[in-house]
Number of protein chains: 2
Amino acid sequence: MKIGTNEVERRVQAFSEVCRRYGAKATHQRREIYRELLRTDEHPAAETIYARVRKRIPAISLDTVYRTLRLLEKKGLISRAGFLNEKARFDANTLPHHHFVCTRCGFMGDIYHKERDEFLALRDVSAMGTVNSVHIELRGICKSCQKNSRLKDNYFFAILIVISTI
Amino acid sequence: MKIGTNEVERRVQAFSEVCRRYGAKATHQRREIYRELLRTDEHPAAETIYARVRKRIPAISLDTVYRTLRLLEKKGLISRAGFLNEKARFDANTLPHHHFVCTRCGFMGDIYHKERDEFLALRDVSAMGTVNSVHIELRGICKSCQKNSRLKDNYFFAILIVISTI
DNA sequence: CAGCTAAATAGTTATGATTACTAAAAAAAA
DNA sequence: TTTTTTTTAGTAATCATAACTATTTAGCTG
Ligand SMILES: [Mn+2]
Ligand SMILES: [Mn+2]
Ligand SMILES: [Zn+2]
Ligand SMILES: [Zn+2]
């Protein structure tokens, strides 16, 4: 489910504009890292992104890759996937979806679950491989933490871009 | 959903016997680590287990804790939970279940999903807190990996003990 | 289109959880 | 008890990720 080149460029452009609008700098490095993630559906690890972006920006530092990935994640433009004892995997697909992960080679494919009650038997899954285990985590804020609440992180980047695309 | 003291001791005993039967040594350290995990339902991290076991075995090393946790996991007696950028959390509850995790304090509670299609609205969840996001990973072996397959790890410890308990 | 200034980067070092290493200790068998 | 093999304690290494700091640059000003 890769998006086309035009849409990739449209989103990179939107990203640049939103950056400027909110006082963040739309640097070459940031654009290339984001573009690299928009281009692919294979959920690359940080090292992979680093290797690929380096072809176009040979002097880019690994630190910049990690820093930018954190920024994009904080702003809701990308998400982080994967389980413990694995490298983090990044995803610019902001549609709600789940993942099939091969525990042997690391292949990570998207699962869309309209019929949520049968996700184990979804065509998408059986086409990709055999399911051995299902991991579900519901993440949120527990009762006791809700009492001493604080302000949330801002997702303004994501909101602007997602709204303009759907 | 903690299990009683009798059941804890019964399982530690079963573990010792199964160890001997399969040529693994039922050491004091192993028994105490496993007992510590059987005793609680709070999914402690490795450091937490280390701290607790140290009260009874002051000279135990952190390495032994990690090594034993890996062993117990490999044999299917415990499972590892948690997402990326979190410490691993361990669980001796071998019933199939999911987790609610508080992203602020780390509280991890068990979710049983008889009605799988409505897991977002489960009583258990709403009693614990507010869900912000659902993470599902279906883990298994992809088509291309199934071709060059290898032998699986043995789960004989788990099989023996689980069968005798249910 | 220079010059300005806050923000971002490159290159490097540090961190923190987990794993590996090795001499010494201990469990189980004989 | 003695022997043999596994396991441990203590410590060093690893690996992904984050922090640090001098230098560079994006975007503004005129
Ligand atoms: Mn995805
Ligand atoms: Mn649990
Ligand atoms: Zn695979
Ligand atoms: Zn909490």
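As the structure is a computational prediction, the values presented were derived from the model and not from experiment. Throughout, a chain's letter reflects where its sequence line sits, starting with A, and its residues are numbered from 1.
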query = Atom CZ of A/R30 to atom P of D/dT25: distance rounded to whole Å?
reply = 15 Å
All N/O contacts under 3.5 Å from nucleotides 18-22 of chain C to the protein, with atom names and distances to one decimal?
from	atom 1	to	atom 2	distance (Å)
C/dT18	OP1	B/A88	N	3.2
C/dT18	OP2	B/Y66	OH	2.4
C/dT19	OP2	B/R70	NE	3.2
C/dA20	N6	B/D63	OD1	2.9
C/dC21	N4	B/D63	OD2	3.2

query = Rounded to whole angstroms, how far apart are CG on A/L71 and C1' on D/dT17?
reply = 16 Å
task = Search all heavy atoms of A/L37 against all heavy atoms of A/A92 and return the closest pair with its distance.
result = O-CB, 3.6 Å
query = Hey, are A/E17 and A/Q13 close enough side-chain-wise for a donor-acceptor pair under 3.5 Å?
reply = yes
Electrostatic pair B/E73-B/R70, nearest N-O below 4.0 angstrom = no
request  = Would you mind checking if B/E9 and B/R35 are paired as a salt bridge, meaning a charged N to carboxylate O distance below 4.0 Å?
outcome  = yes
remark   = Nearest heavy-atom contact between B/R31 and B/A26 is NH1-O, 2.8 Å
ask   = Is the distance from OP1 or OP2 of D/dA9 to the nearest side-chain N or O of B/Q29 less than 4.0 Å?
value = yes
task = Could you tell me whether a side-chain N or O of A/R54 sits under 3.5 Å from a main-chain N or O of A/L62, the two making a donor and an acceptor?
result = no
query = Within this structure, what is the CD-to-C1' distance between B/E32 and C/dA27, rounded to whole angstrom?
reply = 16 Å
task = Look at the side-chain N and O atoms of B/R20 and state whether any lies under 4.0 Å from the OP1 or OP2 oxygen of C/dA27.
result = no
ask   = Between the side chains of B/N93 and B/H43, does any donor sit under 3.5 Å from an acceptor?
value = no
ask   = Nearest-Å distance, NE2 (B/H28) to C1' (D/dA9)?
value = 15 Å
Phosphate OP1/OP2 of C/dA27: any B/T27 side-chain N/O under 4.0 Å = no
key: Pair B/R89 + B/E42, salt bridge at N-O below 4.0 Å   = no
ask   = If we only count heavy atoms from C-beta on, is the A/L77 to A/F15 side-chain gap below 4.5 Å?
value = yes
ask   = Do the charged groups of B/R80 and B/E86 touch, with an N to O distance under 4.0 Å?
value = no
Atom pairs, N/O to N/O, protein against nucleotides 2-6 of chain C, distance under 3.5 Å?
from	atom 1	to	atom 2	distance (Å)
C/dA6	N3	A/K25	NZ	3.2

query = Roughly how many Å is it from CD1 in B/I33 to P in D/dT7, rounded to a whole number?
reply = 13 Å
query = For B/R54 and D/dA9, what is the distance between atoms CZ and P respectively, to the nearest whole Å?
reply = 11 Å
ask   = Which heavy-atom pair separates A/A45 from A/F90 by the least distance, and what is that distance?
value = C-CD1, 4.4 Å
task = Rounded off to whole Å, could you give me the CD1-to-C1' distance for the A/I57 and D/dA26 pair?
result = 14 Å
remark   = Between B/F100 and B/T130 the two heavy atoms that sit nearest each other are CE1-O, 4.2 Å
note = Considering only heavy side-chain atoms of B/T64, the closest of C/dA28, C/dA10, D/dT8 is D/dT8
key: Nearest-nucleotide 5' precedence on DNA chain C, B/A26 against A/P58   = A/P58
inquiry  = Rounded to whole Å, how long is the line connecting atom CD1 of A/I49 with atom P of D/dT17?
reply    = 10 Å
remark   = Axis-to-axis angle for the helix from C/dC1-D/dG30 to C/dA30-D/dT1, ends of five pairs each, to 10°, equals 30°
